Amino acid sequence: MPAMNENPADLAPELCVLLAAVLGLVNGLFLPRTKQWRVAVVCAIGLVFGLAAAGVAASRPDLMAFGSFAVDPVTHVTRIAVLGSTLLVVVLAAGEVRDHPRESEHYALILLSALGAMVLGATSDLLVLVGAYLLASIPAYALAGFGKDAPGTEAALKYYLMGAFLGVVMLAGVTLLYGVGRGTAYDTLRAGLADAPPAAMAAGVVALLAGLLFKAGAVPGHFWVPDVTEGAPPAIAAYVTTVPKIGAFAALFRFGAETAPGGWAPLVAVVAAATMTLGNLAAFGQDNVRRLLAYSTVSQAGYLLVPVAMAGRADLARPAVLFYVAAYAVTNVGAFAVVLACGRDDLAGYTGLLRRSPAAGLSLIVCLLGLVGTPPTAVFVGKVLMFGAALEGGYAWLAAVAAVNTVASVFYYLRWIVPLFGRSDGRPPPSRAPLAVAVAAAAVSLVLGVGSGIALAA
Amino acid sequence: MLTLVIFLPLAVAVVLPAVPRRAVPWTWTAAALAEVALVAAMWAVHGTGGGVSFETDARWIPSVRAGYHVGVDGLSLPLLALTAVLFAACAVYSLRQTRRVREFAGLFLFLETVCLGLFAALDLLLFFVFFDLSIVGMYFVILLWGHGDPARSALKFFLYTFLGSLVLLLGFIGLYLGADPHTFDMVDLTRTPPLSGSPGLAGLTLLAVGIGLGIKTPVVPFHTWLPPAHTDAPAAGSAILAGVMLKMGAYGLVRIAMPMLPDAWRRYALVILIVGLVSVLYGALVALAQDNVKRLVAYSSVNHMGYIVLALGAAGYAAGGTDARRLAVTGAVTQMVGHGLVTGALFLLCGVLRDRAGSYDIGRFGGVARGAPVFAGLLAVASFAALGLPGLSGFIAEFQIFAGTIGAGAVATAVTGALAVTGILITAALFLRVLHKVVLGPPGELTPLVTDVRRPELAALVPLLALSLLIGVAPRALLDTIEPLSAAVVALVGR
């Protein structure tokens with residue numbers, strides 16, 4: 001049992017983000033509209049400081065802060081992945097909302113939602129979990145409808161209604177678990193759930209899962225994903241399909257590993273199989289790259305649920321979920337960055353991209369092949385660990401389903417890759433800043449794959 | 001040294017964008033020839049002893065005990081040499097290539113690194129990384145430089161072999177989890193075979209590994225990706241695909257499946273024998289029915305790879321007769337090298353036909369010998385090598401395979417071996433049919449278009465066939481290198 005303490009310095013990365021969001025908001029009040037880009041700089045600096053603090057924290061021993069905030073490897077990876085991808089998203093968003101009337105609010109909302117995702121992954125108490133869920137969700141609803149256009153409004157409404165509904169279901173689940181488990185802290189629940197009535201416990205766990213699966217974009221909480229990804233501004237699409245998921249998977253894994261409710265593995269395994277299959281099948285026919293990426297994120301959520309299901313059963317489960325989620329985050333942001341750089345949503349718009357801009361084309365190829373799980377990208381190592389966890393946990397059928405789905409997914413990723421080699425028809429070259437993000441993400445994905453030993457050892 | 005050999009092509013590929021366009025083919029050729037020299041030097045240093053030379057073992061992902069572990073021995077050296085020679089031949093052959101030269105050269109250099117790395121890898125995860133990358137590289141070769149319906153063939157190739165690679169990965173993870181302590185290191189896994197206590201799991205793991213490698217080899221019934229991929233690939237791509245990449249499957253069987261799952265290999269040796277036999281006969285018969293010369297060569301590859309699987313099955317089946325089983329394994333490895341050289345040459349010759357006349361249809365050629373005597377001669381030599389004429393590499397390999405299989409001292413091996421001999425007969429018939437129709441006979445409608453081989457083509461083809469002849473006449477150097485390895489493999493599978 002890690003030592004109990006109430007030292008705010010243990011939450012330094014979270015405080016950095018909070019401070020940056022508040023400072024950004026206050027600054028935004030006094031800055032003229034054309035100078036609001038400074039808020040982006042403030043937010044970026046806050047994220048960089050947060051990353052530094054998270055890096056320092058990762059080298060210290062594990063501890064428990066405020067009795068409900070675990071500072072352990074799961075938290076470290078969540079923090080670094082959330083902060084890193086949020087940083088990339090802020091850079092992406094900076095070009096998009098430049099001189100927008102509510103530019104500073106935009107950055108502040110991103111940061112606050114990211115803060116929610118970080119707490120979501122770090123908490124080991126159901127009540128804090130609910131708070132984190134709300135913090136991660138509510139700014140994201142606003143962000144989805146930020147453009148105030150018809151698709152954005154529809155996206156925001158759908159996102160909000162589903163989030164609110166599944167959030168209430170989750171709250172009910174938490175209440176139920178509190179009742180039968182005699183507590184909300186995970187170590188209390190672990191003891192309490194062992195002799196709880198199975199039916200009540202199962203109902204509570206399922207209801208809790210509803211909310212977390214919504215955040216993770218997994219079946220059955222996935223219906224918002226394609227609409228939000230297509231309707232929201234592209235940078236926000238990159239955000240909602242990446243950052244909240246990191247927190248959600250960390251939270252799911254932590255809940256599964258630390259409370260070990262009965263029936264966890266089969267339940268999550270079935271959800272995982274359904275999610276990856278449904279995501280893949282739905283992605284086949286998409287001609288809009290954002291919808292294609294949306295369904296791809298759904299199927300990726302399925303693969304990510306595999307090690308979550310194996311929480312507590314397999315030694316490989318923890319490295320698998322952590323490595324995969326970080327690898328997925330950087331690869332996914334990279335793919336969205338290329339979409340943003342090109343400014344086109346239809347597959348035909350990518351014809352000849354490799355000729356027009358080799359950097360954008362190559363980054364896209366690396367990111368898409370990365371999502372397939374081709375070595376030596378980071379997702380490949382994540383997938384190997386995921387397969388290993390499934391086999392180690394005795395779920396060979398799940399590994400087989402994941403393998404078949406991976407092969408099927410090749411098909412639609414290739415549908416996007418093949419036109420890249422075609423003839424260019426003289427469209428303008430991609431914009432700079434998103435392109436830089438895409439190249440950086442692709443490079444990180446490769447480096448993380450080749451240097452995975454160092455990352456896993458840390 | 002070995003790491004340098006593996007990554008030199010990749011390094012050249014990285015600097016290729018900075019090379020002036022006219023110098024690209026020459027840079028590529030120079031790099032490929034340097035690789036040949038380096039591999040030859042490694043072979044000279046390694047000599048004919050057993051054991052592993054040029055070993056490097058660096059930590060890569062220590063938490064799952066996977067390392068950058070590479071080395072060469074009697075099994076990998078011949079295949080590394082084959083890889084270097086074939087890639088050099090393709091580089092020389094493509095000197096006149098005009099379409100996207102820079103990308104073509106870069107992709108082939110990348111593929112060379114991948115293939116060399118695969119044959120040198122002594123770690124399952126590293127092996128798998130190279131295995132998977134070879135698929136990606138070849139996909140783009142077929143897609144971008146193919147003809148006919150390249151997008152469809154390339155997609156089929158990618159999906160099919162990618163499925164195989166994932167099944168293989170599951171098998172590797174099975175080996176990893178079965179080992180105590182868990183490891184991906186091939187040397188450790190060979191020393192103490194995993195899953196020796198649980199035959200059921202070992203059988204499943206062998207099934208996964210076998211299907212994964214069987215798709216790549218390919219064996220019947222997993223061969224259906226091969227004919228379209230070959231037909232639509234460019235000549236150099238086909239040569240590499242057939243000459244080097246098909247060997248990955250057979251190499252994996254010898255390197256991974258046999259030593260690491262000896263019990264299961266012995267138990268299911270009959271299945272392997274039968275799969276090999278079916279591949280031999282089915283491949284030969286279907287090849288006989290082809291009118292497209294490239295498809296014909298592709299199916300004959302299925303037949304030739306079938307001999308290897310047959311020999312490896314025999315090596316696991318018979319309990320006694322160590323000498324015979326050793327002979328079978330040596331023959332199998334020799335066959336990998338010989339088939340690589342000869343099939344590479346055959347596909348390049350098909351490429352010459354396509355380049356001149358734009359067709360592969362046997363019926364539209366005839367009497368080519370008059371207008372293109374050198375081409376006809378080369379095609380004749382390559383065909384005779386492929387059908388196993390004594391004095392060429394095919395004979396040495398197939399003789400050893402049959403002697404080993406039939407002589408292994410069990411009824412099943414004797415029967416399958418004897419049945420497989422009929423494969424030789426069919427192969428002879430089909431290659432003679434090609435010679436009859438294309439080289440001899442009355443002129444066909446496309447014959448006037450076929451001019452003789454040009455200098456780069458000649459420079460690419462002659463070394464391949466000369467090496468085949470060298471192996472056929474003086475196989476000692478090659479066999480001496482392989483012998484210690486096949487003795488080790490037979491001892492390992494006999495545990």
Side-chain angles (χ1 to χ4, degrees), chain A residues 314-316 318-320 322-323 354-355 358 365-366 368-369 372-377 380-381 383-394 396-400 402-415 417-422 449-458, chain B residues 17 58-68 100 103 114 117 124-137 139-140 143-145 150-152 154-178 182 184 201 204-205 208 212:
Chain A
D315 296 335
L316 283 177
R318 194 171 82 171
L322 295 183
F323 195 87
L354 205 59
R355 284 283 173 92
I365 291 176
V366 168
L368 291 181
L369 285 180
V372 171
T374 312
T377 56
F380 160 69
V381 180
K383 268 205 169 143
V384 170
L385 294 169
M386 178 269 283
F387 282 128
L391 290 181
E392 193 186 1
W397 67 266
L398 193 55
V404 171
N405 267 299
T406 305
V407 174
S409 74
V410 171
F411 182 76
Y412 59 83
Y413 290 121
L414 285 183
R415 277 188 64 210
I417 291 179
V418 170
L420 300 181
F421 294 94
V450 175
S452 49
I454 304 154
L456 279 172
Chain B
R59 287 149 57 90
W60 178 33
I61 315 181
S63 46
V64 291
R65 293 170 80 90
Y68 173 75
R100 292 184 174 180
E103 292 87 346
V114 167
L124 289 179
L125 211 57
L126 194 63
F127 180 95
F128 180 79
V129 167
F130 288 126
F131 193 88
D132 229 23
L133 284 178
S134 75
I135 298 171
V136 177
Y139 167 76
F140 287 121
L143 178 74
L144 299 180
W145 288 274
R152 193 183 153 82
L155 184 66
K156 187 170 184 183
F157 164 77
F158 196 131
L159 290 182
Y160 211 135
T161 49
F162 194 69
L163 177 69
S165 83
L166 284 179
V167 177
L168 183 69
L169 180 62
L170 292 184
F172 283 178
I173 293 173
L175 288 171
Y176 164 77
L177 293 171
H182 295 340
F184 278 111
L201 281 178
L204 277 179
T205 310

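Note that the coordinates shown come from a computational prediction; the quantities given were computed from them, not determined experimentally.
Both the backbone and the side chain of B/Leu159 come within less than 4.5 Å of a heavy atom in chain A. Residue B/Leu144 touches chain A through its side chain alone, counting heavy-atom pairs closer than 4.5 Å. In this structure, no portion of B/Phe131 lies under 4.5 Å from any heavy atom of chain A. Only the side chain of A/Arg355 has a heavy atom closer than 4.5 Å to any heavy atom of chain B. Interface remark: B/Tyr160 contributes no atoms to any contact with chain A (heavy atom separation under 4.5 Å). With a 4.5 Å cut-off on non-hydrogen atoms, A/Val381 touches chain B through its side chain but not through its backbone.
Top candidate by heavy-atom pairs under 4.5 Å with chain B, chosen from A/Leu316, A/Leu414, A/Val450, A/Thr374, is A/Leu414. Ranked by non-hydrogen atom pairs under 4.5 Å with chain B, the options A/Val407, A/Asp315, A/Val418 are led by A/Val407. For the set A/Val372, A/Leu385, A/Leu391, the entry with the most heavy-atom pairs within less than 4.5 Å of chain B is A/Leu391.
Summarising the geometry of B/Phe128 relative to A/Pro375, their closest heavy-atom pair is O-CG, 4.5 Å, with the distance given to 0.1 Å. When all heavy atoms are compared, the tightest approach of A/Ala403 to B/Leu170 is CB-CD1, 4.2 Å.
Annotation: B/Phe162 is not in aromatic contact with A/Phe411 [ring centroid separation under 6.0 Å not met].
In this structure, A/Phe421 CZ and B/Glu103 CD are separated by 9.5 Å, a value rounded to the nearest 0.5 Å.
In B/Arg100, the CZ atom is crowded: over 12 heavy atoms of neighbouring residues, nucleotides or ligands sit closer than 6.0 Å.
Using a 4.5 Å heavy-atom cutoff, the side chains of B/Val129 and A/Phe380 are in contact.
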